[in-house]
Amino acid sequence: MIRITGMNSGLDTEAIITELMSAYKTKGDKYVKEQTKLSWKQEAWQSLNSKIFSFYKKAGNMKLDGAYNLKKVTVSDSTKATVTAESDAVNGTQKLKVKRLATGKMLTGGRLRDGYNEGTKFTTFGLGEGEETTIHIGGKDITVKGSTTIEDFVKQINESGADVKATYDKGQQRFYISSTNTGDSANFDLSASNEKGNAVLQGLGLMKKDGRTDGTGDPTVSDAHNAWIELNGVSYFSDSNVFNINGFKIEAQAETGEEEISFTTSTDVDGIYDTIKDFLSEYNSLISEMSKLYNADSAKDYEPLTDEEKGAMSESEIEKWEDKIKGSLLRRDSTLSSIISSLTTGFLSATAIGKHGENAGKQFSLSSLGIGTLGYFEVEADKRNELHIDGDADDEDTAEKKDELRAMIEEDPDLVIELMKKFAGSIYDNLDKKLSTRTELSSMYKVYNDKEMAIQYSDYTKTISAWEKKMQEIEDNYYQKFSKMETALAKLQSQTSSLSSLFG
């Protein structure tokens with residue numbers, strides 16, 4: 001809208017109205033700034049919630065035995081077999097022979113006559129153009145006709161549902177049919193329903209006729225067999241090369257003949273230690289970030305910038321200004337404080353009773369293993385909840401201390417794992433109460449009131465829109481008043497001019 005004002009009064013109407021509207025604009029900017037801060041707070045919580053949920057799942061895994069690398073297996077010849085052990089597998093050395101690998105059945109057809117190819121029809125083998133016959137393979141029936149070609153037959157076999165794979169090598173002029181599985185049960189039959197069908201199979205080099213095929217060679221059959229191993233003198237059989245025996249997974253790689261190989265099982269001290277260390281590292285990363293957000297400096301004198309305010313600042317100044325606000329959004333947040341408490345109480349509540357040797361009947365905590373926080377005044381506030389392992393070579397604060405954790409893993413791994421499971425379980429249970437509850441204010445798997453914030457953001461949008469409409473009405477009203485004034489002045493000036501002309 002183009003407004004021409006001040007023509008008669010000589011007033012800068014535009015500037016006057018802008019000044020009159022400034023108070024209303026300031027109030028409107030306040031709503032926009034509050035909504036901007038809310039959107040930043042939503043983003044902060046979304047990012048943090050994602051990390052909390054990830055650690056929640058990690059804690060859920062760490063409260064189970066399967067999370068810990070309990071056993072280490074060394075095989076004397078890993079080209080013959082590989083072995084992995086479950087947590088309940090016994091320590092010690094065992095003897096193993098791989099007597100036979102699992103095989104599938106392989107039928108290699110005789111070489112076909114020269115001139116035969118993928119397009120050769122079954123009429124070539126005596127089946128009339130309008131005749132058909134049935135071929136049985138691997139428990140499935142295939143209907144072939146005189147118009148069926150070698151290429152068609154291969155496709156029919158592969159699409160029949162039988163556990164076999166067929167190919168035709170045009171260079172070798174042979175069929176190859178193999179089972180898709182291994183073991184005794186992988187053997188398959190191949191036959192025809194009548195003499196016409198027999199003639200087709202003989203012509204394809206897949207069935208003998210008087211000791212030979214209709215081609216230049218006989219089909220060769222290699223039957224399927226189970227794998228066979230001897231473990232400590234006892235025979236075991238499997239339809240694959242994998243055996244699961246008494247907590248061990250043995251994968252046969254090559255036959256040993258009568259030669260024995262051995263594998264030795266022991267507690268994987270390094271594996272358990274590294275698993276615990278990695279978990280504590282993730283714990284420290286999360287607890288430190290949350291502590292930093294909670295303990296952030298106040299930014300009470302900082303508000304999001306308007307476009308006009310940004311125009312007077314450099315990009316780096318704007319970024320620094322906004323980072324100051326964003327970093328303080330969760331300062332002293334009660335929800336954040338509750339989550340921090342959920343993590344830290346897990347450390348205090350984790351205890352276990354020793355069951356073996358000198359540890360039997362004694363109560364242990366994580367601090368008994370040399371795991372704990374540093375002194376309150378030794379580190380900055382953001383780091384006070386971090387957990388350190390005494391003797392950890394990568395931790396400059398505790399590297400020189402005695403490595404109680406490693407020593408205890410070597411002495412009583414079950415006790416160490418039980419303590420860590422309770423620690424992780426406590427964290428998981430505490431976070432689960434927050435994450436698995438859906439309310440009117442928060443969604444499932446959200447630790448903060450995401451629904452409430454979404455409603456607040458929507459309310460701000462409505463408020464800002466209503467205020468902008470009101471401001472427009474007020475501004476239009478000001479212009480109407482000044483316009484009326486200009487009209488009145490114009491009439492007055494016109495009358496004055498008329499009077500002046502009468503009096504010459």
Any side-chain heavy-atom pair from Ile150 and Leu112 closer than 4.5 angstrom? yes

Residues passing the salt bridge (Lys or Arg N to Asp or Glu O under 4.0 Å) test with Glu396, sequence neighbours excluded, are none

Residues pairing under ring pair (Phe, Tyr, Trp, His ring centres under 6.0 Å) where one sits in residues 43-98, two or more places apart or in two chains, turn out to be Trp45-Tyr448, Phe53-Tyr56, Phe53-Tyr445, Phe55-Phe279, Tyr56-Tyr428

Exercise for review: Step through the shown structure and confirm whether more than 12 heavy atoms of other residues, nucleotides or ligands are within 6.0 Å of NZ on Lys99.
Suggested key: yes

side-chain contact (heavy atoms from CB on, under 4.5 Å) filter on Ala381, not counting sequence neighbours, yields Asn295, Arg384

NZ/NE/NH1/NH2 to OD/OE distance under 4.0 Å, Asp65 and Lys421: yes

Residues passing the ring-ring contact (aromatic ring centres under 6.0 Å, His included) test with Phe248, sequence neighbours excluded, are Phe263

Residues passing the side-chain contact (heavy atoms from CB on, under 4.5 Å) test with Asn449, sequence neighbours excluded, are Leu441, Ser442, Glu452

Give every donor-acceptor pair under 3.5 Å between a side-chain atom in residues 163-171 and any protein atom, sequence neighbours left out.
unit_1, atom_1, unit_2, atom_2, d
Asp169, OD1, Gly171, N, 2.9
Asp169, OD1, Gln172, N, 3.1

> Do Phe188 and Ile177 have side chains that get closer than 4.5 Å, going by heavy atoms?
Replying inline: yes

Distance col, row Leu206:CG vs Ile135:CD1, nearest 0.5 angstrom, shows 9.0 Å

Residue set satisfying side-chain contact (heavy atoms from CB on, under 4.5 Å) with Lys95, at least two apart, ordered chain then number -> Asn232, Glu260, Ser262

> Going through the checks in order, is the side chain to side chain contact (heavy atoms under 4.5 Å, CB included) test met by Asp390 and Leu405?
Replying inline: CA-CA 8 Å; Asp390 288 351; Leu405 175 60; over 6 Å; no

Ring pair (Phe, Tyr, Trp, His ring centres under 6.0 Å) pairs touching residues 362-411, sequence neighbours excluded, are none

| message | Any heavy-atom pair between the side chains of Pro219 and Lys208 that's under 4.5 Å? | response | yes

Residues passing the salt bridge (Lys or Arg N to Asp or Glu O under 4.0 Å) test with Lys383, sequence neighbours excluded, are Glu386

So that I can tick it off, tell me whether Glu255 and Lys97 are bridged by a salt bridge, with the cut-off set at under 4.0 angstrom between side-chain N and carboxylate O. no

**Asked** Heavy-atom distance under 4.5 Å between the side chains of Thr256 and Ile229, does that happen here?
**Response** no

Flag side-chain contact, heavy atom, 4.5 Å: Ser338 against Lys434
yes

Applying salt bridge (Lys or Arg N to Asp or Glu O under 4.0 Å) to Glu43 and not counting sequence neighbours gives none

Residues passing the side-chain contact (heavy atoms from CB on, under 4.5 Å) test with Lys277, sequence neighbours excluded, are Tyr273, Ile389, Asp392, Asp394

| query | So do the side chains of Met62 and Thr275 get within less than 4.5 Å of each other, counting heavy atoms only? | reply | yes

Any non-hydrogen side-chain atom of Leu280 less than 4.5 Å from a side-chain atom of Phe423? yes

query: Thr149 and Asp152: side-chain donor and acceptor closer than 3.5 Å?
result: yes

All N/O donor-acceptor pairs, side-chain side in residues 406-419, below 3.5 Å, sequence neighbours left out:
unit_1, atom_1, unit_2, atom_2, d
Arg406, NH1, Asp270, OD1, 2.7
Glu411, OE2, Asn359, ND2, 3.3
Asp412, OD1, Leu415, N, 3.3

